[in-house]
Participant: 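So that we are looking at the same thing, I have put the structure below in structure tokens.
Order of the sequence lines sets the chain letters (A, B, ...), proteins ahead of strands, with each chain counted from 1. What you see is a predicted model, and the numbers here were worked out from it, not measured in a lab.
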Amino acid sequence: MLKYIARRVLWIFPVLIAVSLITFILMHLVPGGPWDREKALAPAVIENLNRRYNLDKPVWEQYLFFVWNAAHGDLGVSYTSQDRSVTSIIMEGFPITATLGLAALGVAIGIGLPFGIAASLRQNSWIDYICLVFATTGASTPNFVLAIVLIIVLAVVLHLLPTSGWGSPEQIIMPAIALGYGPAALVARLTRASMLEVIRQDYVRTARAKGLMEEAILFGHILKNALIPVVTILGPLAAYFITGSFIIETMFSVPGIGRMFVQGIGARDYALILGATLFYSFIVALANLAVDFIYGFLDPRIRYT
Amino acid sequence: MSRSKVLSMIVMVAFVLSTLGGALSGCAAPPPPTPTPTKAAPPAAPVATPTVAVAATPTPAPPKEELAADQHLRVNIAGEPPTLDPNLSSWDASIAVESLVFEGLLKFDKDLNLVPAVAKEVPTVANGGISPDGKVYTFKLRNDVKWSDGKPVTAKDFVYGTMRLLDPKNAAEYASFYYTIVGAEEYNTALGTKAKPKKPTDEELAKLRAAVGVKALDDYTFQVTLKEPRASFNSLAALWAMYPAREDIISAKGERWTDDPATYIGNGPFKMTEWVHKDHITVVANPNYYGEKPKLQKITLLMVTDINADYAAYLAGEREIARVPLATIPSVQADPKMKDQIRRGPRLATFALQFNNKKPPFDNVKVRQAFSMAVDREAFISKIRRGVGKPAYSWIPPGMPGHQPDLGLQYKLNPQKAKELLKEAGYADPKSLPPVALQYANTGANPIMAEFAQAQFKDNLGVEVKLEPLEPAEFSKRINAMNYQMGFYGWGADYPDPDNWLPELFGTDAGNNHTGYSNPKLDELMKKAITEPDEKKRLQMWAEAQKMVVDDAPVIFFFYDERFIVVKPYVKGLTLTGMDTTALPGNRYMNQVYLLKH
């Protein structure tokens, strides 16, 4: 087990190097640089800027410079938030995005699982139909549309919640719902389908034949097995939430990392792009690792070698 | 549900669509509805201009003005300032904040005339502030100006600030504006270029630094020596880039002195108490400000990048001032309650459709003139811009010295004449033109502007124009490299003087001449106008220069921009000037703003 963990963790490093190299190459292949603006800067000023941010060095040297510094925990300085270190930008933005992401994940699981379970236990009943409507609207409503509806109803008309911003608990509610509603519907659908499949398994019938309590069958046999496919999507979903949603962060003015990253791309902020990509990759790798471990917990047939 | 709430809903639908448009385009927040490259906006001109001051409703002597107990203004500056270091700034959001926290030697009044600020008077030859040869500017400083920590502001603070601006290691983007100062260019370029790097020793660098023509004659006399006379130098001295700076603090704290309210010491009407990155900045009244004390106790400067989100917050009562999304303007104007909250005013920004004058068919002046004549600017303003802005037929906008309202009217829509011009250029059949493409940055209102232009050329000239939407940075790169045929372009005033408007764009080899246009006679004339000390003669020269540009039609002058914002009725004393920042309208007179009980 320990050997497996060590191997998986060590694999993260070559993955990160590959990701950084690909990002670096793509970044420099994209037309336009950080100082390309409609109102052009004087050539002498551009020379000074390039020198200040090490862009006057050969490209390969810039990459090695980045890798060396990154290995020492320094992701460079941003050109758009002048001179602020990328590490500090990520460290400030990430907890915000992560908080929002976890809240959205809470919405997805907290709504999706009970809906899915209820629908499967009462298949073809009105509960099931309600869940079906929920799942269909969730899957077909883009999160920015939901965000608008929430803003209009809860903020502009009813004045129950602030339209945007960050810092107070009530400012989390709308973006979390907007971000988590679609995935909640997905979780509900998947849970329902998986539950229905497990309910028809022989071992469930056997448990019933043995006279086990219905609750024990549900929690001890059905749910545990039915959750495996659900957990499979929770890994990438957690990564998606934690790495942020640019649209939702922009609409609700959440100062998270997703918004910064996309703005960094637009501004050709190479240091920010590279640093954020590397960080994202790390988070996704960790999320995938966590999912693999949860599999083992849910299904003892899965072994780590 | 009240009408305004129904309106809000309609507005929010527009919100969805436009947010999507911007957000999904893959770049940062949807930009303002115009493709402005505008950076900042300082002002000046020793000439009384037909201003711009578009004051808030001139309150007809209110019977009783009961002030709000909480004098707290909430306004959005549309994004995180890249820096709050005035000497190193170049972007609008930065300057919006710095103009509250700092004050320079001179400033611009409501009519954009230069008036003294920290300096006792505006230097002139008559008062001895400018030497007879026009090269030496001497600023006598007030001795009652203090930093927010109580220390006096002295000439050394101005020397330090200006030298930080010119220090090559600081890579200040506006340094090149000050190359007119003796030794400034030599010092700022001391480290050479990538192709020819220089490695000066500390002594050599110190020597270059010492040779810069900026010095403190005593605690309250600041002097600048120019390489050659520059009539607009007073305007440059009023810009944020030459704000004073505190050597003791910056050398102790380092580059991040701006982050910490304890070290972000200014001399303006407000002082910063908080900077929550990407979220908001808080400023409060500076008790040590020497001038008119602010009436507001606190201003929260939010950093909402989405104009629609900002407007929704205004509707929800979370802002006192907001910009209005273009698509929402007609409904705001139609709403009886909202229309009273509208404030409009010029912005000193002009937008054009520029041609690559080096490539056929736009290397032919008649073709350029024909295209210019084929555009119905009035229809553009009324239909596309929802009545915001004015049709432009020349370059310098209304409200600026040098604006000529009657210039360029020959380019008013005239399809007949346009086709004749095309024929004279050798294209009797419009289809015989080489393929024509219009490149644009695919954000904000640019796509709809491009479609409008395309339809105009088709309907009025019979020319099929292919549209090529590009990602903004790629668009800029192609424009700068002159790898384009036609592209939108905007220019906002750094300072209200023609020498910020004509030479930089239409001079041969000028940094922002992306058209390839060249007219040696114009170059000669502009060179003289820049140094001409006589104001009347100078403006005549600029008028002549602008006429040359208009006749040669290197670009299609498209429209003059306009400010269109909404302000809550309880906000009083807000004065808009043409040189306000886009991010914070009314920033230059924010110390006069106050709130009534509401």
Participant: One pair to check against salt bridge (charged side-chain N to carboxylate O under 4.0 Å, His left out): B:Asp310 and B:Arg319. What are the steps and the verdict?
Facilitator: CA-CA 8 Å; B:Asp310 181 40; B:Arg319 304 270 192 284; 2.7 Å; yes
Participant: Could you tell me which portion of B:Ala481 (side chain, backbone, both or neither) has an atom closer than 4.5 angstrom to a non-hydrogen atom of chain A?
Facilitator: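 Neither part.
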Participant: Answer with yes or no whether the side chains of B:Asn512 and B:Tyr489 bring together a donor and an acceptor at under 3.5 Å.
Facilitator: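 Looking only at side-chain atoms, B:Asn512 and B:Tyr489 do form a donor-acceptor pair, the distance falling under 3.5 Å.
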Participant: To the nearest 0.5 Å, what is the distance between CG (B:Asn480) and CD1 (A:Ile46)?
Facilitator: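 So the gap between those two atoms works out to 7.5 Å.
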Participant: Would you mind checking which part of B:Arg256 comes under 4.5 Å of any heavy atom in chain A, side chain (CB onward), backbone (N, CA, C, O), both or neither?
Facilitator: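 It is the side chain, since no backbone atom gets that close.
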Participant: Using non-hydrogen atoms and a 4.5 Å limit, figure out which bit of B:Asn188 sits close to chain A: side chain, backbone, both or neither.
Facilitator: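 Answer is both: backbone and side chain atoms of B:Asn188 are under 4.5 Å from chain A.
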Participant: Would you call B:Glu173 and A:Arg37 a salt bridge, using N to O less than 4.0 angstrom?
Facilitator: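 Salt bridge between B:Glu173 and A:Arg37, a charged N being under 4.0 Å from a carboxylate O: yes.
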Participant: Pull out the residues in residues 68-77 of chain A that come under 4.5 Å of chain B, heavy atom to heavy atom, sorted by number.
Facilitator: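 Counting heavy atoms that sit under 4.5 Å from chain B, no residue of residues 68-77 of chain A is involved.
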Participant: What part of A:Pro162 gets within 4.5 angstrom of chain B, counting heavy atoms only: side chain, backbone, both, or neither?
Facilitator: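 Both backbone and side chain.
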Participant: When heavy-atom pairs shorter than 4.5 Å are enumerated against chain A, which of B:Ile479, B:Asp85, B:Val304 gives the highest number?
Facilitator: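 Option with the top pair count is B:Val304.
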Participant: Between A:Tyr79 and A:Trp35, is the ring centroid distance below 6.0 Å?
Facilitator: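 Yes; A:Trp35 has its ring centre under 6.0 Å from that of A:Tyr79.
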Participant: Taking the side chain as C-beta and beyond, is there a heavy-atom pair between B:Lys198 and B:Leu191 under 4.5 Å?
Facilitator: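 In short, these two side chains do not touch, never coming nearer than 4.5 Å.
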Participant: Are B:Tyr484 and B:His514, when compared by the centres of their aromatic rings, separated by less than 6.0 Å?
Facilitator: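 Between B:Tyr484 and B:His514, the centre distance exceeds or equals 6.0 Å.
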Participant: Ring centroids only, cut at 6.0 angstrom: are A:Phe282 and A:Phe279 within range, meaning strictly under it?
Facilitator: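 Between A:Phe279 and A:Phe282, which both carry aromatic rings, the centre distance is not below 6.0 Å.
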Participant: A:Asp269: what forms a salt bridge (charged side-chain N to carboxylate O under 4.0 Å, His left out) with it, not counting sequence neighbours?
Facilitator: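 Residues passing salt bridge (charged side-chain N to carboxylate O under 4.0 Å, His left out) with A:Asp269: none at all.
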Participant: Given heavy-atom pairs under 4.5 angstrom as the criterion, report whether the side chain, backbone, both or neither of A:Thr80 touches chain B.
Facilitator: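 For A:Thr80, the contact with chain B is made by the backbone alone.
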Participant: Do the ring centers of A:Tyr63 and A:Tyr270 come within less than 6.0 Å of each other?
Facilitator: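 Judged by ring-centre distance (under 6.0 Å), A:Tyr63 and A:Tyr270 do not meet the cut-off.
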Participant: Is it the backbone or the side chain of B:Asn170 that comes under 4.5 Å from a heavy atom of chain A, or both, or neither?
Facilitator: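 Both backbone and side chain.
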Participant: Which one of B:Gly487, B:Gly192, B:Pro81 has the most heavy-atom pairs closer than 4.5 Å to chain A?
Facilitator: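 Heavy-atom pairs under 4.5 Å are most numerous for B:Gly192.
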Participant: Tell me, for A:Leu161 versus chain B, whether the close heavy atoms (under 4.5 Å) come from the side chain, the backbone, both or neither.
Facilitator: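 Contact with chain B involves the backbone of A:Leu161 alone.
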Participant: Chain B contacts: which residues in residues 84-94 of chain A have a non-hydrogen atom closer than 4.5 Å to it?
Facilitator: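 Answer by number: A:Arg84, A:Glu92.
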Participant: Closer than 4.0 angstrom, basic N to acidic O: yes or no for A:Glu249 and B:Lys278?
Facilitator: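 B:Lys278 and A:Glu249: not salt-bridged.
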Participant: Is it true that A:Asp36 and A:Arg268 make a salt bridge, defined as a side-chain N closer than 4.0 Å to a carboxylate O?
Facilitator: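 No, this pair does not count.
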Participant: Quick one: list whatever passes ring-ring contact (aromatic ring centres under 6.0 Å, His included) with B:Tyr179, sequence neighbours left out.
Facilitator: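 B:Tyr179 satisfies ring-ring contact (aromatic ring centres under 6.0 Å, His included) with no residue once adjacent residues are dropped.
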Participant: For A:Glu47, is it the side chain, the backbone, both, or neither that has a heavy atom closer than 4.5 Å to a heavy atom of chain B?
Facilitator: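 A:Glu47 touches chain B through side-chain heavy atoms alone.
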Participant: Are the aromatic ring centres of B:Phe475 and B:Phe488 under 6.0 angstrom apart?
Facilitator: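 When the ring centroids of B:Phe475 and B:Phe488 are compared, they turn out to be at least 6.0 Å apart.
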